[in-house]
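Worksheet: the structure to be examined is printed underneath.
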Amino acid sequence: MIIGLRTVPACLDVEQHPFAVPAGSLATHVQAYDHLLGCARRTGFDGAREANPEAPEPALATAYDVSRDGRTYAFSLRRGVHSGHGSELTAHDVKWSWERAFALRSHSARLARALGVTSADAVRTAGNYDLRVQLEEPRAAFPAALAGPLLPVYDLETVKQHCPVGDPWGHQWLRSHAAGFGPYVADITAPGEEIVLRANDRWWRGTPRVHRVLLRAIEADAQRAGALRSGAVDAVEDLGPAELKRLATCLGLYLGGRQAWQPLTLRVDPTFAPFSEPRVRAALPLALPYAELPHPPGGAAQDLRRSRSLLRDGGYGAGFRSTLSLPEDQPELVAVARLIQQACMRLELKLATELLSPATFAARKGSRQLPLYLEASPLLSTTVAPAALDPLPQVEQVPLGQLPRRLAARFALDGVVHWPDGHARFTDFRP
């Protein structure tokens, strides 16, 4: 199966993306890594099959017990589980995976802390197939969070074979390879162009029906849609609303399952003038054209009169100039930036847009060099508030709406399941 993506990530390892997990990295990650618990399936209100994150079920762990005070979880691991590289799962793989997350200060570590796991020392092995996790205080969401895309379990034996001196966590090798206990083994075969997923023949759930998947980069939405219509690819992801609407009229094409959503956010750094003035930060959301934005949050409304008053009281009644930055690989954001520019011009706010490569955008965001920027990030957890995973909590967020995500394919794919993070699992496919 060949699947067209907007971009093929330069780094597969989600733990190495401390400030924003690229959608392409997460799309590959969920194919290669399994977790202690999984999500039960159910039929949604619209008849579509969906993963239910509130109903965790056994996965790499066959069972778990909770202490009376709700602070200690004891997990029994499934025996005979093998990675795609042939290593058998043990409790030491799980322990090392948590150690790696905390060492890298990754999104997984932030999730763990939000769930009451203060350090990797709270995870202890008891032999090869049992481990305990000690929480600082009871957290009812803890089991369900283990079924999400974060806190993956790495194949320690394989990673250690690729850890040279000075690289104890396998940074370099895991950038272009995956080493998990999931259904697929992933390798970047052509950087920036193609990723190969090959089935793990010893996967504990059984060999995936789709034995080989090529993830191919086709940047433009129109080109990806054209490749799907011509048969050059079997399925595409990351299409914008306009192309999805056009494909819906094509006979023989299949729009898989239900639409998923990606939160769209405007972020404002108060360390930069004029956003250091609280009244300017309060005025900006009131200037935004929510009625023209995709699926805006309920209750959000433009109020130019009130915005103008706040700007005047804050000393910026004559307006100001600033830069609105956004990653160049998300064309939907360009349209949103244009709408924001036009609305702000009515208040003499002149915003120059700045398109940055994904790597530059992430680096400048992480070092807090962007006064104002747009981003659309995949949903990383349904059990923990996004603010708890925010690597830059000092930078204020203005929710703008949600961008749709949907898989499109040349043929019906029986078994497609809707996942909260918006990324299909290819093991669900029954072509």
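Residues take their numbers from the sequence shown, with the count starting at 1.
Annotation: side chain of Leu400 is in contact with side chain of Ile340 (closest heavy-atom distance under 4.5 Å). For the pair Met1/Phe429, a side-chain contact is recorded, criterion being any heavy-atom separation below 4.5 Å from C-beta on. Taking 4.5 Å as the limit, some side-chain heavy atom of Thr72 sits within range of a side-chain heavy atom of Arg132. At a threshold of 4.5 Å between non-hydrogen side-chain atoms, the residues Leu333 and Leu264 count as touching. Side-chain atoms of Val398 and Leu284, non-hydrogen and from C-beta on, never get closer than 4.5 Å to each other. Looking at heavy atoms from C-beta onward, Val336 lies out of side-chain contact with Leu266 at the 4.5 angstrom threshold. The shortest distance between side-chain heavy atoms of Leu12 and Arg175 does not fall below 4.5 Å.
Taking a cutoff of 4.0 Å between a charged side-chain nitrogen and a carboxylate oxygen, Arg224 and Asp221 qualify as a salt bridge. For the pair Arg267 and Asp390, the salt-bridge criterion is met [side-chain N within less than 4.0 Å of a carboxylate O]. Between Arg42 and Glu50 there is a salt bridge, since at least one side-chain N of the basic residue sits less than 4.0 Å from a carboxylate O of the acidic one. A salt bridge is absent between Arg6 and Asp329: the closest approach of a Lys/Arg side-chain nitrogen to an acidic carboxylate oxygen does not fall below 4.0 angstrom. Salt-bridge formation is not detected for the pair Glu137/Arg71: no Lys NZ or Arg NE/NH1/NH2 atom is positioned less than 4.0 Å from an Asp or Glu carboxylate oxygen. A salt bridge links Lys365 to Glu375: at least one charged side-chain nitrogen sits closer than 4.0 Å to a carboxylate oxygen. Looking at Glu348 and Lys350, a side-chain N of the basic residue comes within less than 4.0 Å of a carboxylate O on the acidic one, giving a salt bridge.
Of the possible polar contacts, one joining the Ser230 side chain to the Gly226 backbone as a donor-acceptor pair under 3.5 Å is found. Put simply, the side chain of His35 never gets that close to the backbone of Val153: no donor and acceptor are under 3.5 Å apart. Looking only at distances, no side-chain donor or acceptor of Glu193 sits under 3.5 Å from a matching main-chain atom of Arg216. With hydrogens and angles ignored, the 3.5 Å screen pairs a side-chain donor or acceptor of Gln341 with a backbone N or O of Leu351. Remark: the backbone N or O of His171 is paired with a side-chain donor or acceptor of Gln16 at under 3.5 angstrom. A donor-acceptor pair under 3.5 Å is absent between the side-chain atoms of Asp187 and the main chain of Thr189, judged by distance alone. Side chain of Thr43 to main chain of Arg49: no donor-acceptor pair is present (N/O by atom type, distance under 3.5 Å, no hydrogens or angles). A side-chain donor-acceptor contact under 3.5 Å links Glu277 to the backbone of Arg279. Between the side chain of Ser83 and the main chain of Phe181, no donor-acceptor pair closer than 3.5 Å is present. With Arg110 contributing its side chain and Leu389 its backbone, the two residues share a donor-acceptor pair below 3.5 Å.
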Mind running ring pair (Phe, Tyr, Trp, His ring centres under 6.0 Å) on Phe19 and Phe361 for me, showing each step along the way?
CA-CA 10 Å; Phe19 298 105; Phe361 180 82; over 10 Å; no
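In this structure Asp234 satisfies the side-chain hydrogen bond (donor to acceptor under 3.5 Å, both in side chains) test together with Arg410, sequence neighbours excluded.
Smallest separation of non-hydrogen atoms from Glu237 and Ala424: OE2-N, 3.9 Å.
Around the CZ atom of Arg212, the shell of radius 6.0 Å holds no more than 12 heavy atoms that belong to other residues, nucleotides or ligands. For CD of Gln172, the number of neighbouring non-hydrogen atoms (other residues, nucleotides, ligands) closer than 6.0 Å is 12 at most.
Between the side chains of Asp167 and Trp173, not a single donor N or O lies within less than 3.5 Å of an accepting N or O. Remark: the Tyr154 side chain and the Asp13 side chain contain an N/O donor-acceptor pair separated by less than 3.5 Å. A donor-acceptor contact closer than 3.5 angstrom is absent between the side chains of Tyr184 and Arg198. Side-chain contact annotation: Glu15 with Ser108, donor-acceptor N/O pair under 3.5 Å present.
The aromatic rings of Phe142 and Tyr73 sit tilted, their planes meeting at an angle between 30° and 60°.
We find the CG-CD distance between Leu372 and Glu396 to be 11.5 Å, quoted to the nearest 0.5 Å.
For Phe320 and Phe275, the ring centers sit closer than 6.0 Å to each other.
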